[in-house]
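Shown next, in structure tokens, is the structure this report addresses.
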Amino acid sequence: MADTVRVRFAPSPTGYLHVGGARTALFNWLYARSHDGVFVLRIEDTDIQRSSEAMVQGILDGMLWLGLDPDEGPFFQSSFVAQHREAARRLVKEGKAYYDFTPKEGGDDRTVGERIADRARAQGVGKERNPYRDLLVAEALARVEAGEPAAIRLKVPEDGFSAFEDLVYGRQERAYSDIEDLVLIRSDGHPLYNLSVVVDDIEMRITHVIRGQDHLTNTHKQVLLYEALGAPVPRFAHLPLIFAPGREKLSKRKHGEVVSVTTYRDRGFLPDALVNFLALLGWSPGTDQEILSRDELIRLFSLEAVNKSSAVFNFHESDPHDWTDPKALWMNAEYLRAMPIGELAKLVAEELKRAGIWREEYAGDKREWFESTIDLLRARYRTVPDFVELGRPYFSDDFEYEPPALKKNLKDERLGELLPALADRLARIGEFTHESTEAALREFSEARQVKAGLLINAARTALTGQSVGPGMFDIMVALGKEKTVSRLRNAVEKVGAAV
RNA sequence: GCCGCUAUGGUGUAAGUGGUUAACACGCCGCCCUCUCAAGGCGGAGAGUACGGGUUCGAGUCCCGUUAGCGGUACCA
């Protein structure tokens, strides 16, 4: 029996959980679930200046909402620094790492990229051999003991090459000569990323490291560390990156809220819909099926089917209607239409409460009405808040008449007389049904020699303030006789008003 | 600079070991339905697979080169 699969999601809390991180978390989660494995959450908070409690909470909130529950953790990397230091000291003692007494370079005003390029140009090809690499361990220890600051660097072999088999990208090779002796511990004692991840992953017995492709080339350094520490090297699977339109890096700062998963929660996305959408960014089941439940995703997911090229998360920042990727919106609408009506009703109820137009009877006597009204509306809405924004006239008498709708449907002066008369006619109906209201209206239109369409469209606007919506008679039934009659009468003042 | 990864319509993806007019979804356009808008049904436009060579009877699939984008290269993560 093979060892239990153990994977981890290891975000650094320097920002909220964005769609890229969420996708990484999702793939780890899917892999764990499909292999009866363990999904560990580890917060990499060693960069104290850039990390914050709020960001940690944001990440946790996002994962909780998406249903990506960790089996272990959250662990905090900052609590393991003693182990990181210990591991580095051990490597020094074993001659696999060394103290570097070269004074730390002062920061300057060039960007990191410029500094690297400059240094590379100055140095030429190939790396310089560090003079402290061969210093006797005893001597180095003595100098450290005496208080001289020193960083710890790993001894990278001078000849040969590193190789590992990536589950997504295939075999990866890199000459040792291209890898410099990486710093494990800063001269101020702070352990650095490559050391920390490896030590933690060993400690947590991670079997599969699934993370963004931005870590692909540095993986060689980590493999070296596993070997130096005498630990089994895990399997690696790097995921293609997700970009913003224009193929630029997703950034919370530049792209704002559209990339934060909590935004999707707050703007009425269903977690299953976002999970489904995210799963299809960089992965495909290989069939035409795109609507995939969580169980189907778990059953079908495989790292081998993950593709290598980066994907674009196609949102259009400034468009209020298509504020995020149109396919994500479509998928959410698809889930909205397919989910059990009772569940949707609960979500809409929350939304109505927040808007202050919730009525307890919707959960009691009028429950059936409430659900059928939601059912009537759901075919044309894409997110939950749509039920309160666009659906407001169905749940509250306090709604706006949209000027374009008035102009389109209530500009005919005859309506000033027709609408109240229609209201009177409808008031005489016994039972308000689709059939009875339609019969009454058609009869009325014939008697008055006006087209039914004129009355129908005018009534829709009179009743909802909108020019679009469900079938007219469905609206009447949904509103009921009393509201229908009074709104028709009250709309008289709107006739011709918008022109 | 050096090292590496990637490249199929606007976007997401498909096209076992090379083999018919490059498929699906979103989006867009049109038609049907119809009182409007959706949903649904039907249809259409949109890529000849970054570019250039090569191998082959045959290449999106293999090889070489170029270009572009991205990543890494740090006493950041």
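Heavy-atom basis, side chains included; hydrogens, waters and symmetry copies ignored. To find a chain, count down the sequence lines: A is the first, B the second, and so on, and within it residues start at 1.
- In this structure, of B:rC75, B:rU36, B:rG12, it is B:rU36 that holds the atom nearest to the side chain of A:Asn457.
- One interatomic measurement links the two molecules: CZ of A:Arg382 to P of B:rC37, which rounds to 17 Å at whole-angstrom precision.
- Of the candidates B:rU13, B:rC26, B:rC35, the closest approach to any side-chain atom of A:Ala311 belongs to B:rU13.
- Of the nucleotides present, B:rG44 is the one that pairs with B:rC28 by Watson-Crick or G-U wobble criteria, both distances under 3.5 Å.
- Residues A:Arg8 and A:Val197 meet the side-chain proximity criterion, which asks for heavy atoms closer than 4.5 Å.
- Annotation: B:rU73 and B:rG27 have their P atoms spaced 40 Å apart (nearest Å).
- Considering only the side chain of A:Arg337, B:rA39 comes nearest among B:rU11, B:rA39, B:rU36.
- Across all strands shown, B:rC33 remains unpaired; no Watson-Crick or G-U wobble contact has both distances below 3.5 Å.
- Residue A:Thr102 is in base contact, counting any heavy-atom pair closer than 4.0 Å across all strands shown.
- The nearest whole Å value for the distance from the CZ atom in A:Phe161 to the C1' atom in B:rC3 is 15 Å.
- For A:Asn218 and B:rU73, the shortest distance from a side-chain N or O to OP1 or OP2 is below 4.0 Å.
- Listed candidates were B:rU73, B:rG12, B:rU36. Nearest to the side chain of A:Val468 is B:rU36.
- Look at B:rG9: it lacks any Watson-Crick or wobble partner with both distances under 3.5 angstrom.
- Side chains of A:Glu248 and A:His255: a donor-acceptor N/O pair is present below 3.5 angstrom, by distance only.
- The side-chain tip of A:Arg23 points at the ring of A:Phe27 from less than 6.0 angstrom away and within 45° of straight on.
- A gap of 37 Å separates the P atoms of B:rA47 and B:rC3, to the nearest Å.
- Nearest nucleotide to the side chain of A:Val312, out of B:rC35, B:rG12, B:rG40: B:rG12.
- Contact annotation: A:Arg153 reaches the phosphate of B:rC75 (side-chain N/O to OP1 or OP2, under 4.0 Å).
- Summary of the strand contacts: A:Arg174 and A:His215 both lie near RNA chain B, and taking for each the nucleotide with the nearest heavy atom, the more 5' one is attributed to A:Arg174.
- Nucleotides B:rA14 and B:rC29 are separated by 28 Å at their P atoms, to the nearest Å.
- Between A:Gly286 and A:Arg442, it is A:Gly286 whose nearest contact on RNA chain B lies nearer the 5' terminus.
- A gap of 30 Å separates the C1' atoms of B:rG53 and B:rG10, to the nearest Å.
- Atom-to-atom, CG of A:Asp214 to P of B:rG72 comes out at 6 Å; the value is rounded to the nearest Å.
- Evaluation of atom-type donor-acceptor distances gives no pair under 3.5 Å for the side chain of A:Ser310 against the base of B:rC70.
- Distance noted for atom C1' between B:rA22 and B:rG48: 7 Å (whole Å).
- Rounded to whole Å, the distance from NZ on A:Lys308 to C1' on B:rC5 is 10 Å.
- With rounding to whole Å, A:Gln222 atom CD is found 16 Å from B:rC76 atom P.
- Applying the Watson-Crick and G-U wobble criteria (two distances, each under 3.5 Å), B:rU17 pairs with nothing in any strand.
- No option in A:Lys221, A:His215, A:Gln77, A:Glu44 other than A:His215 meets the side chain to side chain donor-acceptor pair (under 3.5 Å) test with A:Tyr193.
- Of the candidate nucleotides B:rA77, B:rC70, B:rG40, B:rG40 has the atom lying nearest to any side-chain atom of A:Glu334.
- Here the side chain of A:Gln172 is nearest to one of B:rU73, B:rC3, B:rC5, namely B:rC5.
- Nucleotide B:rC51 is matched to B:rG65 when pairs are restricted to Watson-Crick or G-U wobble geometry with both distances under 3.5 angstrom.
- In this model, the phosphate group of B:rA77 is approached by a side-chain N or O of A:His190 to a distance below 4.0 Å at OP1 or OP2.
- Remark: P of B:rU36 and CG of A:Leu463 are 17 Å apart, rounded to the nearest angstrom.
- In this view, A:Tyr99 satisfies the ring pair (Phe, Tyr, Trp, His ring centres under 6.0 Å) rule with no residue, not counting sequence neighbours.
- Using a cut-off of 4.0 Å between Lys/Arg side-chain N and Asp/Glu carboxylate O, A:Arg414 and A:Asp412 are scored as salt-bridged.
- The gap from the C1' atom of B:rU67 to that of B:rA50 amounts to 8 Å, rounded to the nearest Å.
- In A:Asp188, the CG atom is crowded: over 12 heavy atoms of neighbouring residues, nucleotides or ligands sit closer than 6.0 Å.
- In this structure, the nucleotide among B:rC75, B:rA14, B:rU11 sitting nearest to the side chain of A:Asn307 is B:rA14.
- Closest to the A:Ala151 side chain, of the nucleotides B:rG71, B:rC75, B:rA77, is B:rC75.
- If you take CZ of A:Arg380 and C1' of B:rU34, they are 12 Å apart, rounded to a whole angstrom.
- For A:Ala379, the side-chain atoms get nearest to B:rA38 when compared with the rest of B:rA38, B:rG72, B:rU36.
- Here A:Arg460 lies in heavy-atom contact (under 4.0 Å) with a base.
- Across the C1' atoms, B:rC28 and B:rG12 are found 16 Å apart, a figure rounded to whole Å.
- Put simply, NZ on A:Lys221 is 13 Å from C1' on B:rG71, counting in whole angstrom units.
- Taking the P atom of each, B:rU61 and B:rA7 are spaced 11 Å apart, rounded to whole Å.
- More than 12 heavy atoms of other residues, nucleotides or ligands shown are found within 6.0 angstrom of CD on A:Gln83.
- Nucleotide B:rC70 forms a pair with B:rG4, judged by Watson-Crick or G-U wobble geometry with both contacts under 3.5 Å.
- Using a 4.0 Å heavy-atom criterion, one finds that A:Pro245 contacts no nucleic acid atom at all.
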